[in-house]
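Here is the structure we will look at.
Please read these numbers as outputs of a predicted model, since none were measured by experiment.
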Amino acid sequence: MRIAHAPTQLERRPRAVAIGTFDGVHRGHVSVLRATVDSGLDPTVITLDPHPRIALGNRVELITTLERRLELLAAAGIAETLVAAFTPEFMRLSPDEFVATYLTSIGAEAVAVGNDFRFGHRRSGTVETLTAAGLTLLDVVEVDDVSSTAVRDAVREGALDEAARMLGRPFELDGIVVAGDQRGGTLGYPTANIALGPDLLCPRHGIYAGAALDHRAAVSIGTNPHYGGTERRIEPYLLDFDGDLYGKRLVVELWERLRDEQAFESEAALVAQIARDVDATRAAVRPG
């Protein structure tokens with residue numbers, strides 16, 4: 001997939017354009033994307049970064065990083081994506097200016113959007129604005145009971161089956177592996193320590209079963225209360241993995257919440273529980 005950061009970087013040709021933030025690229029988003037892919041025109045996406053609510057000063061826990069969002073858009077069959085910077089100048093565009101700058105200039109003939117789509121200054125543009133500009137509104141199959149907000153709520157509560165149902169795949173943590181306390185290696189279970197971006201969604205503290213790099217992973221999310229920790233750590237132990245992950249990006253699927261984190265009466269008791277967590281991870285079933 002080709003990625004552009006300005007409309008002038010895209011050649012003018014017949015396109016079907018899906019427009020939206022697409023945080024999480026959940027099943028509802030995929031339905032919008034499928035309409036563009038099935039149109040017979042060049043399937044193109046305009047996605048916004050940063051998230052509009054974050055740009056306006058609100059707190060939003062993003063389901064996916066921009067990098068992961070773009071990977072998922074490509075996997076859905078999108079040929080080109082324009083990452084539109086959500087700046088004050090962008091917000092001041094009238095609906096007609098948006099259509100001229102971001103749609104007709106790149107050859108858009110059809111658009112795919114959700115029913116409640118709004119755009120332009122003070123969200124004054126509607127789907128009627130698009131059709132009035134001569135753009136064909138593609139039919140999008142509506143997916144009930146799926147939204148980015150609902151995905152966030154499910155993940156926060158550790159309801160990973162429900163999150164996976166809405167996403168169409170397991171929820172993922174996406175970050176860079178950094179140095180940690182390195183206690184896992186001394187216990188016989190060496191873990192990676194993932195630095196998660198401050199705006200990214202993370203489930204409540206606990207022990208989870210999941211996978212990364214085609215290996216099952218037992219994942220600890222929390223403060224390591226057995227050692228009196230105070231900072232949140234995200235530490236996957238990749239089963240049957242041997243390699244150096246420091247400085248590398250790691251995408252970790254979360255499949256199942258196994259238990260709360262806890263302090264133990266001894267290190268031996270901690271190691272015995274980790275062994276049980278590993279067994280539970282081997283038995284876990286991938287949702288989605």
Exercise for review: For residues V155 and L254, determine if any side-chain heavy atom of one lies less than 4.5 Å from a side-chain heavy atom of the other.
Suggested key: no

**Study point:** Close side-chain approach of R68 and L62, heavy atoms under 4.5 Å
**Key:** no

**Study point:** salt bridge (Lys or Arg N to Asp or Glu O under 4.0 Å) between R13 and E80, worked out
**Key:** CA-CA 12 Å; R13 57 172 177 264; E80 294 184 306; 3.0 Å; yes

Spacing of [X] atom [atom1] and [Y] atom [atom2] [to the nearest 0.5 Å]:
| X | Y | atom1 | atom2 | answer |
| --- | --- | --- | --- | --- |
| E109 | L138 | CD | CG | 10.5 Å |
| L48 | I54 | CG | CD1 | 12.0 Å |
| R232 | I221 | CZ | CD1 | 7.5 Å |
| L73 | M1 | CG | CE | 5.5 Å |
| L250 | K248 | CG | NZ | 10.0 Å |

Report yes or no: does [X] contribute a side-chain atom to a donor-acceptor pair with the main-chain N or O of [Y] at less than 3.5 Å?
| X | Y | result |
| --- | --- | --- |
| R216 | T281 | yes |
| R257 | H205 | yes |
| E97 | L93 | no |

Look at [X] together with [Y] and state whether they make a salt bridge at an N to O cut-off of under 4.0 Å.
| X | Y | answer |
| --- | --- | --- |
| D23 | R152 | yes |
| D174 | R69 | no |
| R249 | E71 | yes |
| E261 | R233 | no |
| D153 | R156 | yes |

Applying ring pair (Phe, Tyr, Trp, His ring centres under 6.0 Å), can you list everything that pairs with [X], at least two apart in sequence or on another chain?
| X | result |
| --- | --- |
| F117 | F119 |
| H26 | H29 |
| F86 | F90 |

Check your understanding: Residues in side chain to side chain contact (heavy atoms under 4.5 Å, CB included) with S124, at least two apart?
Key -> P95

Point to revise | Closest approach of G114 to V127 (non-hydrogen atoms, all atoms of both residues) | key: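 So the two residues come closest at O-CG1, 4.3 Å.
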
Review point. So which heavy atom on A108 is nearest to which on L135, and how close?
Key: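 The pair with the smallest heavy-atom distance is O-CD2, 3.3 Å.
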
Point to revise | Verify same cluster id: V151, L72 (apolar side-chain graph, 4.5 Å) | key: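 Hydrophobic grouping puts V151 apart from L72.
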
Point to revise | Remaining members of hydrophobic cluster (4.5 Å side-chain criterion), V141 | key: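 Answer for V141: none, a lone residue.
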
Check your understanding: Got more than 12 heavy atoms from elsewhere within 6.0 Å of CZ, R122?
Key -> no

For residues 32-40, run the donor-acceptor check on the side chains, cut-off 3.5 Å, and write out each pair with its distance to 0.1 Å, sequence neighbours left out.
{"from": "T36", "atom 1": "OG1", "to": "L33", "atom 2": "O", "distance (Å)": "2.6"}
{"from": "S39", "atom 1": "OG", "to": "T36", "atom 2": "O", "distance (Å)": "2.7"}
{"from": "S39", "atom 1": "OG", "to": "L41", "atom 2": "N", "distance (Å)": "3.1"}

Check your understanding: Yes or no on side chain to side chain donor-acceptor pair (under 3.5 Å) for E128 and T126, after CA distance, side-chain angles and deciding distance?
Key -> CA-CA 5 Å; E128 289 76 16; T126 65; 2.8 Å; yes

